[in-house]
A.B. asks: 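One structure, pasted below without further comment.
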Amino acid sequence: MSVSVPADAIAKLVERLEGRDAFEVQEELVPALRAATAGLSPEALTTPEAPGKWSIIEVIQHLADAELAYGFRLRMILAHDTPPLQGFDQDLWASELRYRESNLDDALQQLTALRAANLRIYRKLDEERFDRIGIHSEAGPISARMILFILANHDLAHRRQIERIKAVNR
């Protein structure tokens with residue numbers, strides 16, 4: 001039995017990037033986060049957008065942990081034949097791993113190292129390996145290529161979120 005990614009899934013992810021290159025979007029994340037957080041007070045970093053929402057530091061720690069999770073999924077897809085890929089509850093991670101108590105520099109260093117390692121893997125892939133898939137526990141079939149585009153869109157969404165949080169907390 002052959003499993004494949006729905007044909008329109010990647011097209012939708014690419015379309016949401018509005019012509020931006022997924023590699024470039026991912027490469028610019030950490031510098032953009034450093035610029036967005038430059039000069040912010042600890043209070044500005046830890047004040048959420050609204051009750052029950054995340055703060056800037058929580059968003060950044062989430063980005064680092066998402067890079068860890070997606071990097072693991074990428075490695076599973078590349079090393080195993082159609083592996084199962086476990087989802088995770090991002091709000092539970094934020095709460096139980098105390099994202100609001102994270103140190104900005106530590107979170108950015110974690111994200112920097114993980115992102116660089118994952119992009120190194122991506123740059124070595126040929127078309128066949130880009131199309132390898134795993135079966136996500138919630139989303140179904142996803143390919144290595146999809147992860148590249150999912151993370152680029154994820155980056156942009158959270159960069160917009162950080163700007164909203166800054167605007168609300170001015």
Side-chain angles (χ1 to χ4, degrees), residues 5-40 44-45 48-49 53-78 85 87-88 90-91 93-94 99 102-134 136 138-169:
V5 172
D8 65 339
I10 293 175
K12 286 179 184 175
L13 290 167
V14 171
E15 182 180 318
R16 286 189 0 216
L17 287 177
E18 299 177 342
R20 308 235 8 233
D21 179 80
F23 281 103
E24 289 176 10
V25 169
Q26 289 192 43
E27 288 168 344
E28 69 189 24
L29 177 64
V30 174
L33 294 175
R34 288 190 190 284
T37 58
L40 292 181
L45 289 170
E49 182 175 7
K53 299 290 187 180
W54 288 352
S55 66
I56 292 171
I57 192 62
E58 288 169 302
V59 171
I60 293 172
Q61 186 61 62
H62 162 72
L63 285 163
D65 277 356
E67 193 69 25
L68 175 73
Y70 276 99
F72 177 75
R73 291 173 185 161
L74 173 65
R75 286 159 178 79
M76 290 296 292
I77 288 169
L78 296 175
L85 305 170
F88 67 96
Q90 65 183 17
D91 291 317
W93 281 33
Y99 282 6
S102 296
N103 175 280
L104 177 62
D105 289 334
D106 291 346
L108 288 171
Q109 287 176 12
Q110 176 187 353
L111 178 55
T112 299
L114 291 168
R115 176 59 55 93
N118 291 337
L119 287 175
R120 273 193 303 274
I121 290 171
Y122 270 116
R123 286 195 169 83
K124 295 177 186 177
L125 298 183
D126 58 26
E127 289 300 308
E128 181 180 329
R129 295 186 55 77
F130 256 118
D131 291 331
R132 289 181 58 88
I133 65 165
H136 190 275
E138 298 161 359
I142 63 171
S143 66
R145 185 183 316 276
M146 280 183 75
I147 291 174
L148 178 71
F149 290 106
I150 288 167
L151 283 175
N153 280 284
H154 187 251
D155 288 359
L156 294 174
H158 284 301
R159 287 173 61 184
R160 289 188 298 270
Q161 180 183 18
I162 288 170
E163 291 308 314
R164 281 195 323 271
I165 297 168
K166 286 172 62 175
V168 167
N169 291 327

A.B. asks: Under a plain distance cut-off of 3.5 Å, with no hydrogens placed, do Gln110 and Asp65 share a side-chain donor-acceptor pair?
C.D. replies: yes
A.B. asks: Are any of the side-chain nitrogens in Asp155 or Arg20 under 4.0 Å away from the carboxylate oxygens of its partner?
C.D. replies: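 Judged by the 4.0 Å cut-off on N to carboxylate O distance, Asp155 and Arg20 do not form a salt bridge.
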A.B. asks: Using a 4.5 Å cut-off on heavy atoms from C-beta on, say whether the side chain of Ile60 contacts that of Ser102.
C.D. replies: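 In short, these two side chains do not touch, never coming nearer than 4.5 Å.
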A.B. asks: If you measure from CZ on Arg115 to OH on Tyr122, what distance do you get to the nearest 0.5 Å?
C.D. replies: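 If we round to the nearest 0.5 Å, Arg115:CZ and Tyr122:OH are 9.5 Å apart.
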A.B. asks: For the CD atom on Glu163, are there more than 12 heavy atoms of other groups (residues, nucleotides or ligands in this structure) within a distance under 6.0 Å?
C.D. replies: yes
A.B. asks: Is Arg145 salt-bridged to Glu127, cutoff N-O under 4.0 Å?
C.D. replies: yes
A.B. asks: Tell me whether the rings of Trp54 and His62 are parallel (<30°), tilted (30 to 60°) or perpendicular (>60°).
C.D. replies: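 Ring orientation, 0 to 90° scale: tilted.
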A.B. asks: Under the side chain to side chain contact (heavy atoms under 4.5 Å, CB included) rule, what do Arg34 and Thr112 come out as? Steps first, then yes or no, please.
C.D. replies: CA-CA 11 Å; Arg34 288 190 190 284; Thr112 299; 4.1 Å; yes
A.B. asks: I need the minimum non-hydrogen distance between Glu49 and Lys53, along with the two atoms involved.
C.D. replies: CB-CB, 4.1 Å
A.B. asks: Is there side-chain contact between Gln61 and Asp106, with at least one heavy-atom pair below 4.5 Å?
C.D. replies: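 Sidechains of Asp106 and Gln61: no contact.
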A.B. asks: Which atom pair, heavy atoms only, marks the closest approach of Met146 to Pro141?
C.D. replies: SD-O, 4.1 Å
A.B. asks: Applying side chain to side chain contact (heavy atoms under 4.5 Å, CB included) between Ile142 and each of Leu85, Leu74, Ile10, report the one that passes.
C.D. replies: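 Output: one option passes, namely Leu85.
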A.B. asks: Within the structure provided, determine whether His158 and Leu33 are in side-chain contact (heavy-atom separation under 4.5 Å).
C.D. replies: no
A.B. asks: Has the side chain of Tyr99 got a donor or acceptor atom that lies under 3.5 Å from a matching backbone atom of Ser55?
C.D. replies: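 Checked: no pair found.
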A.B. asks: Please say whether more than 12 non-hydrogen atoms of neighbouring residues, nucleotides or ligands are located less than 6.0 Å from CZ in Phe88.
C.D. replies: yes
A.B. asks: Within a strict 4.5 Å, meaning less than it, do heavy atoms of the Asn118 and Ile147 side chains meet?
C.D. replies: no
A.B. asks: Counting distance only, does the side-chain N/O of Arg75 pair as donor-acceptor with the main-chain N or O of Gly71 below 3.5 Å?
C.D. replies: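 Yes, the answer is positive, given that a donor and an acceptor are paired below the 3.5 Å cut-off.
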A.B. asks: Identify the heavy atoms of Val25 and Ala152 that sit nearest to each other, and give their distance.
C.D. replies: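 In this case the closest contact between Val25 and Ala152 is CG1-O, 3.4 Å.
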A.B. asks: Answer whether the closest heavy-atom distance between the side chains of Glu58 and Ile165 falls below 4.5 Å.
C.D. replies: no
A.B. asks: Looking at Ser143 and Ile133, would you say the former's side chain and the latter's main chain have a donor-acceptor pair under 3.5 Å?
C.D. replies: no
A.B. asks: For Arg129, does its backbone N or O pair with a side-chain atom of Asp126 as donor and acceptor, under 3.5 Å?
C.D. replies: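 A pair under 3.5 Å: yes.
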A.B. asks: A quick test of your reading: do over 12 heavy atoms of other residues, nucleotides or ligands sit less than 6.0 Å from CD of Glu18?
C.D. replies: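 Counting other residues, nucleotides and ligands, CD of Glu18 stays at 12 neighbours or fewer.
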A.B. asks: I need the Ile162 CD1 to Ile57 CD1 distance, nearest 0.5 Å.
C.D. replies: 9.0 Å
A.B. asks: CG/Leu156 to CG/Leu151 distance, rounded to the nearest 0.5 angstrom?
C.D. replies: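 If we round to the nearest 0.5 Å, Leu156:CG and Leu151:CG are 11.0 Å apart.
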A.B. asks: Given Arg159 and Glu28, is the side chain to side chain contact (heavy atoms under 4.5 Å, CB included) satisfied, shown in steps?
C.D. replies: CA-CA 11 Å; Arg159 287 173 61 184; Glu28 69 189 24; 2.8 Å; yes
A.B. asks: Is there a donor-acceptor pair under 3.5 Å between the side chain of Asn169 and the backbone N or O of Ala44?
C.D. replies: no
A.B. asks: Side chain to side chain contact (heavy atoms under 4.5 Å, CB included) for Leu125 and Leu78? Distances and angles first, verdict last.
C.D. replies: CA-CA 9 Å; Leu125 298 183; Leu78 296 175; 3.8 Å; yes
A.B. asks: Look only at the side chain of Gln26 and the backbone of Leu148, and say whether a donor-acceptor pair between them is shorter than 3.5 Å.
C.D. replies: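 Yes, the answer is positive, given that a donor and an acceptor are paired below the 3.5 Å cut-off.
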A.B. asks: Between Tyr70 and Arg73, is there a cation-pi geometry (under 6.0 Å to ring centre, at most 45° from the normal)?
C.D. replies: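 Here Arg73 passes the 6.0 Å and 45° test against Tyr70.
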A.B. asks: Which atoms form the tightest heavy-atom contact between Ala64 and Ala107, and what is the distance?
C.D. replies: CB-O, 3.8 Å
